[in-house]
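All remarks here apply to the structure that follows.
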Amino acid sequence: MSFRRVGRLTAIGVLTLVCLSCGEVYRPVVIPLSTTPPTPGGFHTVFSISANVPTYPGGAMQIDVTGDSIAGETPTSDKSKPNLGDNPTHAAVLPNNSRVFVASAGSVIPGGVDVLSSFAPAFQSTIATGLGSVTTVSLPTGSQPVFVNTTQNNFVYVANYNSNSVSAISTLTNSITNSAPVGTHPVALAETPNGLKLYVANQGGNSVSSLNVADLSPNSVNNADGSPFSGINPAWVVARHDSQKVYVLTQGDGQLVTIDVSTDTVTSSLSVGGGANFIFYDSHLNRLYVTNPITSTVYVFSDTGGANDTPVPLGTISFALASAACPAGPAACSPNSVTALPDGSRFYVASYQTAASCPDAFVGSSSACVIPSLAVFDAKSLALKTTMTLLTNPPFAANLSTGQYQTAVPPVTACMPAALYSPSTTRFRVFTAASADSSRVYVSMCDAGAIAVINTTNSNANNPGGGTPSDTLIIDLPAAFSAGPAQPNGEPPNQNPIFLLMGQ
């Protein structure tokens with residue numbers, strides 16, 4: 001066969017194929033990639049509450065545990081937008097996680113108003129949803145709300161420091177439905193999990209109020225001998241998960257007091273030293289952790305085991321300078337708060353040191369400073385596992401060539417705690433909370449204007465096996481900008497985080 005004939009046959013074949021293809025439409029084929037979609041069970045959140053400069057609203061921030069990122073923030077720079085109000089003091093999440101409530105004692109500032117604000121959290125979605133709009137309930141002028149608490153979804157309760165009262169707010173109508181007088185300067189609340197009683201720590205009145213939730217009618221709280229409760233400066237109160245006991249911390253005389261809920265009678269009192277400021281109740285291990293920043297001590301108790309079903313001491317942990325939990329620095333560490341992982345493996349103590357002449361070169365020895373830190377303990381043995389400073393680069397300074405990192409920040413006057421709390425002061429210079437999935441621990445650092453994020457497991461529900469060692473500081477999330485004057489870098493300072501709480 002000649003080459004000419006072969007070429008002719010080839011051309012005819014190509015033309016035939018072209019003709020056969022006429023009328024066909026060729027479309028690109030999309031081959032779906034196999035991905036692991038997020039699941040509701042893997043979506044977890046933590047909330048931070050921050051204070052702004054006077055006359056400007058504070059802010060709430062929702063942290064996405066899985067993404068180590070900020071999921072939403074309430075408005076803080078534009079006063080015309082719905083906001084939390086001035087001088088936020090405390091917050092609580094409804095048990096069904098549908099709303100977050102924030103108390104703001106704005107009347108400590110001339111012309112300010114007192115409100116209870118709420119917003120719906122951002123929910124899991126393939127697109128950013130942000131927080132729901134803020135709604136507010138106005139409280140009587142001069143109330144100065146300082147604590148929010150509830151174990152139910154239909155009502156929340158607010159302790160009003162200046163009006164010496166407790167208000168019940170319907171979450172359905174966003175209105176005050178009842179109020180009751182209590183002792184002088186109530187600073188903490190605890191509703192029993194069964195929703196039957198509400199206990200109030202009255203700091204100024206050296207008393208504890210017991211109220212029936214149904215109508216806020218009072219019950220008498222007495223010592224075993226029938227005399228009225230007598231503790232100096234009650235500062236905190238928590239209820240046991242079975243609703244049978246309530247534990248009150250008296251800051252002035254340093255006692256952990258047990259009250260039997262059925263009789264409202266004091267059944268035990270254990271010494272924790274004057275100055276103790278906070279109780280963390282771990283319902284998973286049935287434990288009570290008490291911090292005392294004045295004596296640099298943390299006390300650990302079982303919530304039962306003693307006579308009449310009362311607490312028994314499990315251990316005392318020193319945070320004195322050169323102790324294992326506070327190995328170095330300019331002064332003893334001041335433990336401020338405790339959290340524990342829901343999986344029962346570890347607990348964490350947030351503390352800080354202060355120095356008149358800062359040892360951190362990034363701040364300078366001519367300046368005072370605050371050094372926030374976190375200590376990690378094995379829950380079973382109470383043994384210290386590690387300690388860590390809490391500032392990352394960025395946003396804080398570092399000299400990467402020498403491996404030096406900033407560990408301290410200049411003190412902020414508004415973050416300095418007072419001997420006794422009032423709504424014009426900050427209760428927690430540092431505060432800590434764990435995520436519901438036990439994958440993260442967070443520390444709010446008031447002076448630093450940021451929240452430290454600690455990876456506890458090297459993974460979480462939607463990101464298994466991340467490769468980061470457990471109990472490692474991974475990032476500092478900055479609080480929103482405040483309305484303060486610009487810094488040398490041209491940006492305003494961050495707001496000051498004052499409180500954290502676990503979401504879903």
After noting the C-alpha distance and the side-chain angles of Phe377 and Val298, does the key distance pass the side chain to side chain contact (heavy atoms under 4.5 Å, CB included) rule?
CA-CA 12 Å; Phe377 295 88; Val298 172; over 6 Å; no
Can you check side-chain hydrogen bond (donor to acceptor under 3.5 Å, both in side chains) on Ser107 and Asp114, steps first, answer last?
CA-CA 6 Å; Ser107 69; Asp114 298 317; 2.9 Å; yes
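- A distance-only check finds a donor-acceptor pair linking the side chain of Gln62 to the backbone of Ala122 [under 3.5 Å].
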Run the side chain to side chain contact (heavy atoms under 4.5 Å, CB included) test on Asp64 and Ile70 for me, step by step, so that the C-alpha distance in whole Å, both residues' side-chain angles and the decisive distance to 0.1 Å come before the verdict.
CA-CA 6 Å; Asp64 173 22; Ile70 300 171; over 6 Å; no
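- Using modelled atom types, one finds a donor on one side chain and an acceptor on the other under 3.5 Å when comparing Asn160 with Ser167.
- At least one donor-acceptor pair closer than 3.5 Å links the side chain of Ser482 to the backbone N or O of Gly484.
- Pairing each heavy atom of Ser117 with each of Val134, the nearest pair is CB-CG1, 3.9 Å.
- Looking only at side-chain heavy atoms (C-beta outward), Thr76 and Asn83 stay at 4.5 Å or farther from each other.
- Within the model, atoms OG1 of Thr339 and OH of Tyr442 stand 11.5 Å from one another, a figure rounded to the nearest 0.5 Å.
- With values rounded to the nearest 0.5 angstrom, Thr141 atom OG1 is found 11.0 Å from Asn162 atom CG.
- In the model, Arg287 has a side-chain atom that pairs as donor or acceptor with a side-chain atom of Tyr289 under 3.5 Å.
- The closest side-chain heavy-atom distance from Leu321 to Gln353 is below 4.5 Å.
- With no hydrogens or angles considered, a side-chain donor-acceptor pair links Asp471 and Tyr348 at under 3.5 Å.
- Expressed to the nearest 0.5 Å, how far OG of Ser438 lies from CZ of Arg346 amounts to 8.0 Å.
- Ring planes of Phe147 and Trp236: perpendicular class, angle over 60° (limits at 30 and 60°).
- His44 contributes a side-chain N or O that, together with a main-chain N or O of Gln504, makes up a donor-acceptor pair within less than 3.5 Å.
- For the residue pair Thr297 / Asn292, no side-chain donor-acceptor distance below 3.5 Å is found, with atom types taken as modelled.
- Side-chain atoms of Thr89 come within 3.5 Å of backbone atoms of Pro145 as a donor-acceptor pair (strictly under, hydrogens ignored).
- Between Val443 and Ile451 there is no side-chain heavy-atom pair separated by less than 4.5 Å.
- The minimum heavy-atom distance between Gln251 and Ala419, with the atom names listed, is NE2-O, 3.0 Å.
- Looking only at distances, no side-chain donor or acceptor of Thr426 sits under 3.5 Å from a matching main-chain atom of Pro417.
- For the atom pair NE2 of His90 and OH of Tyr161, the computed distance is 15.5 Å after rounding to the nearest 0.5 Å.
- In terms of modelled atom types and a separation under 3.5 Å, the side chain of Thr250 and the main chain of Asp253 share no donor-acceptor contact.
- When all heavy atoms are compared, the tightest approach of Pro478 to Met61 is O-SD, 4.0 Å.
- Residues Ser357 and Ser365 have side chains that never bring a donor and an acceptor to within less than 3.5 angstrom of each other.
- Partner of Tyr352 under the side chain to side chain contact (heavy atoms under 4.5 Å, CB included) criterion, out of Ser334, Cys446, Cys415, Cys333: Ser334 alone.
- Residues Asn149 and Val156 form no side-chain contact, since every pair of their non-hydrogen atoms from C-beta on lies 4.5 Å or further apart.
- Contact of the Val441 side chain with the Thr432 side chain is registered, since non-hydrogen atoms from C-beta on lie closer than 4.5 Å.
- Using a 4.5 Å cut-off on side-chain heavy atoms (C-beta onward), Thr135 and Arg99 make contact.
- No side-chain heavy atom of Ile63 sits under 4.5 Å from any side-chain heavy atom of Val65.
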Take Ile454 and Leu374 through the test side chain to side chain contact (heavy atoms under 4.5 Å, CB included) and record every step on the way to the result.
CA-CA 10 Å; Ile454 293 87; Leu374 186 71; 3.9 Å; yes
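- A donor and an acceptor atom, one from each side chain of Thr402 and Gln404, are located under 3.5 Å apart.
- Between atom CG of residue Asn233 and atom CG of residue Leu420 there is a gap of 4.5 Å, rounded to the nearest 0.5 Å.
- Contact check for Leu391 versus Asp476: side-chain heavy atoms found under the 4.5 Å cut-off.
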From CA spacing to verdict: side-chain hydrogen bond (donor to acceptor under 3.5 Å, both in side chains), Thr457, Ser439:
CA-CA 5 Å; Thr457 64; Ser439 72; 5.3 Å; no
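- Between the CG atom in Leu249 and the CD1 atom in Ile279 there is a gap of 4.5 Å [rounded to 0.5 Å].
- Side chain of Asn393 to main chain of Pro395: no donor-acceptor pair is present (N/O by atom type, distance under 3.5 Å, no hydrogens or angles).
- Asn277 and Thr291 are linked by a side-chain donor-acceptor pair at a separation below 3.5 angstrom, with hydrogens and angles left out of the test.
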Stepwise side chain to side chain contact (heavy atoms under 4.5 Å, CB included) test for Asp360 and Thr407
CA-CA 7 Å; Asp360 186 345; Thr407 59; 3.4 Å; yes
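- Summarising the geometry of Pro335 relative to Phe319, their closest heavy-atom pair is CD-CB, 4.1 Å, with the distance given to 0.1 Å.
- Here the shortest heavy-atom pairing between Thr316 and Tyr299 reads OG1-CD2, 3.8 Å.
- A donor-acceptor pair under 3.5 Å links the side-chain atoms of Gln406 to the main chain of Ala408, judged by distance alone.
- For Thr171 (side chain) and Asn153 (main-chain N/O), a donor-acceptor pair under 3.5 Å exists by modelled atom type.
- Residues Phe278 and Asn336 approach most closely at CB-O, 3.8 Å, considering heavy atoms.
- Using a cut-off of 4.0 Å between Lys/Arg side-chain N and Asp/Glu carboxylate O, Arg429 and Asp447 are scored as salt-bridged.
- A side-chain N or O of Glu191 and one of Thr151 form a donor-acceptor pair less than 3.5 Å apart.
- A donor-acceptor contact shorter than 3.5 Å is absent between the side chain of Asn202 and the backbone of Gly205.
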